[in-house]
Amino acid sequence: MGNSVRVRIAPSPTGSLHVGNARTALYNYLFARQTGGVFILRIDDTDAKRSSDADIEGVLYSFRWMGLDWDEGYGAGGACGPYRQSERLGLYQAHAEKLLADGHAYRCWCTPAELDALRKEAQRQRRAFRYPQTCLGLTAAERAARERSGAPYVLRFRSPREGSVDFSDLVRGDLSVDATELDDLVIVRAGGMPTYNFASVIDDSHMAITHVIRGADHLYNTHRQIPIAQALGFDLPAYAHLPLLTNPDRSKLGKRSGAVFVGDYAAQGYLPEAVVNFLALLGWNPGDTQEVFSLDELVSAFSLERVNKANAVFDLQKLAWLNGVYIRGVTVEDLAARCVPFLTDGGFVAPDDVDRTYLRDAVALEQERLKTLAEAPEALDFFFAAEVTPAPKLLIAKKQSPAGSLGALRQARERLAQLAAWEHETIEACLRGLASDLGWKAGQLFMPLRVAITGKTATPPLFETMVVLGRARTLTRLEAAAAALAASIE
RNA sequence: GCCCCCAUCGUCUAGUGGCCCAGGACGCAGGCCUUUCAAGCCUGUAACGCGGGUUCGAUUCCCGCUGGGGGCGCCA
């Protein structure tokens, strides 16, 4: 297994996992699992401005939530550690010195302000900005003077000036960029921190990454990284650039469209299974008509060859549908357990005082109605509320008078109170009998009763609801509803 | 502005020269079922961006255009 697949996901610790990065992680995971390879997690935290342990945990939490476990890397150990770039500075420094010594890199003293002015000028002249290699052209004396001055400097990579940088992408085919388009990019910042493109190349090589699978927004970075890797004498990994996820307006998925973090979807009551399934289908398809996949099924069905090139709009409606599919697919016990956090947040049940049986029976009635877990509090409110307050108007049966409706409510209460057994069949027989005695259609009677015991017009089936609610609650609510209707008639 | 990439129903997509007057899914509309709402089932709606080629024949190949996207940081 010396040449087995090794892939990595390298998030920067921003506290939240962007769904685009989640999709990239998923594809890396699927590819690794399918090939029997190794899935590695590296923390790319070379931007010291934003990097705390808490931020890392936030990102890792989302990976775990999706079920993407990594074999090697941050928190899992491995032979290529440490897996946090801020702890690998010595390695980058050694490579920087090597490039400096062999002329592939040079010091640059240009200040951010100077560069900014240059960029603006280039823009004014309507041409692409490229670092003019000012500091490369310094005379030995000038260079010595700057070095003596102790002024801060960065290290720039000396990009090739001729030819082109070519590679064959696993999803997009042959790609080429003319060397004249390449800039002398900064590889080490003032202060010694490496930049993304530099640290990434070194780590991918040192961690023996065989396939770099990342978003298409990195396409140009690949053209910039290849010369660096070559200058360092590294073997190149294979590359696969994934189509971008976009907003409905086709722009790169970002803040402007609301929820973009995995955590947002968890909070909105989406199941990880649905999110994973949905993300997998954005940019990839199995070649047949299957749409619902477990993570394991994805592992065997996935293939880089079937990844698309065109960007994909992140379509909430399809996610919602898939979420419903999964909600209906899990066991009632499982669903009830998943609803608990939302119910406790809504104040409907106390975390440590949940009547599991009652909760399970109530959830069972809403299972095929819920689109998200977050809907549970509102959907189940009447099961947990001390009382419901139906609008008197809704207690009046269709095509019947207020007085007649009041009578029906009272009779229903009386008859139900006398039932020997509180079961679906007995309740149904009782109420259908009442409707028939009244000369009403069943629906005419059932709707007011539904409103009386739940407070709303859209609910699970009436008899099941009464069974779960129990006789006591049902009778109390019928009584209260009758009183409310009576009051409104006067 | 410059460079690169992409282009099938509103959306996710199948399609690799004839099987396609383009298939599936979500959505939407209608129907069935039915005590409401759902779920389920059925039916319908809707697309190959445009113009040139190549070919007996183009959604499929080539070129151009148009449109869209990404990149152009001492962010990743």
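The chains referred to below are lettered A, B, ... by the order of the sequence lines, with proteins before strands, and numbering in each begins at 1.
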Out of U35(B), G70(B), G1(B), which nucleotide sits closest to the side chain of R126(A)?
-> G1(B)

Apply the test side-chain hydrogen bond (donor to acceptor under 3.5 Å, both in side chains) to residues S164(A) and D178(A): give CA-CA distance (whole Å), side-chain angles for both, the deciding distance (0.1 Å), then the verdict.
-> CA-CA 4 Å; S164(A) 61; D178(A) 208 276; 6.0 Å; no

Considering only the P atoms, how many Å lie between G18(B) and C61(B), rounded to the nearest integer?
-> 12 Å

Quick one: are the ring centres of F302(A) and W284(A) less than 6.0 Å apart?
-> yes

OP1 or OP2 of U35(B) under 4.0 Å from side-chain N/O of R432(A) | yes

Please check the phosphate of G68(B) (OP1 and OP2 only) for any side-chain N or O of K252(A) closer than 4.0 Å.
-> no

Within less than 4.0 Å of OP1 or OP2 of A76(B), is there a side-chain N or O belonging to T46(A)?
-> yes

Taking any strand in view, what nucleotide pairs with G18(B) in a Watson-Crick or G-U wobble way, both distances under 3.5 Å?
-> C56(B)

Phosphate OP1/OP2 of A7(B) contacted by R172(A) side-chain N/O (<4.0 Å) | no

Hey, does the side chain of R328(A) come within less than 4.0 Å of G40(B)'s phosphate (OP1/OP2), counting only N and O?
-> yes

Rounded to whole Å, CG of L242(A) lies from C1' of C5(B) at a distance of 14 Å

Mind calculating the distance between CD (Q317(A)) and P (U13(B)) to the nearest angstrom?
-> 16 Å

Whole-angstrom distance between C5(B) and G64(B), as gauged at atom P | 12 Å

Give a yes/no on whether any side-chain N or O of N308(A) is located under 4.0 angstrom from OP1 or OP2 of U13(B).
-> yes

Atom OH of Y220(A) to atom P of A76(B): distance rounded to whole Å?
-> 17 Å

Whole angstrom is fine here: how far is it from CG in D217(A) over to P in G69(B)?
-> 15 Å

Indicate, with a heavy-atom threshold strictly under 4.0 Å, whether T246(A) touches base, sugar-phosphate, or nothing.
-> nothing

Distance in angstrom units between Q290(A) CD and U13(B) C1', rounded | 15 Å

Taking the P atom of each, how far is G40(B) from A58(B), in whole Å?
-> 43 Å

Roughly, in whole Å, what's the span from CZ in R119(A) to P in C2(B)?
-> 19 Å

Ignoring hydrogens and angles, are the base of A25(B) and the side chain of K318(A) linked by a donor-acceptor pair under 3.5 Å?
-> yes

Tell me which nucleotide among C12(B), C37(B), C72(B) gets nearest to the side chain of R224(A).
-> C72(B)

Kindly check if the number of other-residue, nucleotide or ligand heavy atoms within 6.0 Å of CD (E57(A)) is above 12?
-> yes

So what does R450(A) hit on the nucleic acid, given a heavy-atom distance under 4.0 Å: a base, only sugar-phosphate, or nothing?
-> base

For nucleotides A39(B) and C28(B), find the distance between their P atoms and express it as a whole number of Å.
-> 10 Å

Integer angstrom distance from the P of G53(B) to that of C20(B) = 28 Å

Distance flag, aromatic centroids of Y196(A) and H218(A), threshold under 6.0 Å = yes

Candidate nucleotides C26(B), C74(B), G24(B), ranked by approach to the side chain of W321(A) - the nearest = C26(B)

Has the side chain of R127(A) got a donor or acceptor atom sitting under 3.5 Å from an opposite partner on the base of C2(B)?
-> no

With a non-hydrogen cut-off below 4.0 angstrom, is L431(A) in contact with a base, only sugar-phosphate, or nothing?
-> nothing

Taking atom C1' in both G1(B) and U45(B), what distance in whole Å separates the two?
-> 43 Å

Nearest-0.5 Å distance that lies between atom OH in Y239(A) and atom NE2 in H211(A) = 12.0 Å

Y270(A) ring center within less than 6.0 Å of F342(A) ring center | no

Atom-to-atom span, CZ of F463(A) to C1' of U36(B) - whole angstrom | 11 Å

Decide if atom OH of Y153(A) counts as having more than 12 heavy atoms of other residues, nucleotides or ligands within a radius under 6.0 Å.
-> no

Under a 3.5 Å limit for both distances, which nucleotide forms a Watson-Crick or G-U wobble pair with A7(B), could you say?
-> U66(B)

As its Watson-Crick or G-U partner within any shown strand, both distances under 3.5 Å, C2(B) has G71(B)

Can we call the ring centroids of H95(A) and H104(A) under 6.0 Å apart?
-> no

Partner nucleotide, any strand, of C28(B) [Watson-Crick/G-U, under 3.5 Å] | G44(B)

Sugar-phosphate, base or nothing in reach of K398(A), heavy atoms under 4.0 Å | nothing

Say you pick atom C1' in C9(B) and the same atom in A22(B); how far apart are they, in whole Å?
-> 10 Å

Taking atom C1' in both A25(B) and C33(B), what distance in whole Å separates the two?
-> 23 Å

Looking across every strand, which nucleic acid part, if any, lies under 4.0 Å from L462(A) by heavy atom: base, sugar-phosphate, or nothing?
-> base

Across the strands shown, which category fits V313(A) at heavy-atom distances under 4.0 angstrom: base, sugar-phosphate, nothing?
-> sugar-phosphate

Give P152(A) one of three labels, base, sugar-phosphate or nothing, depending on what nucleic acid heavy atoms sit under 4.0 Å from its own.
-> nothing

Sub-6.0 Å ring centroid separation between Y106(A) and F157(A) = no

Assign H223(A) to base, sugar-phosphate, or nothing according to its heavy-atom contacts below 4.0 angstrom with the strands shown.
-> nothing

The residue, L115(A) or N311(A), whose nearest nucleotide of RNA chain B is more 5′ is N311(A)

How do E181(A) and A216(A) order along RNA chain B: which one's closest nucleotide is nearer the 5' end?
-> E181(A)

Quick one: D315(A) CG to C26(B) P, roughly how many Å, whole number?
-> 12 Å

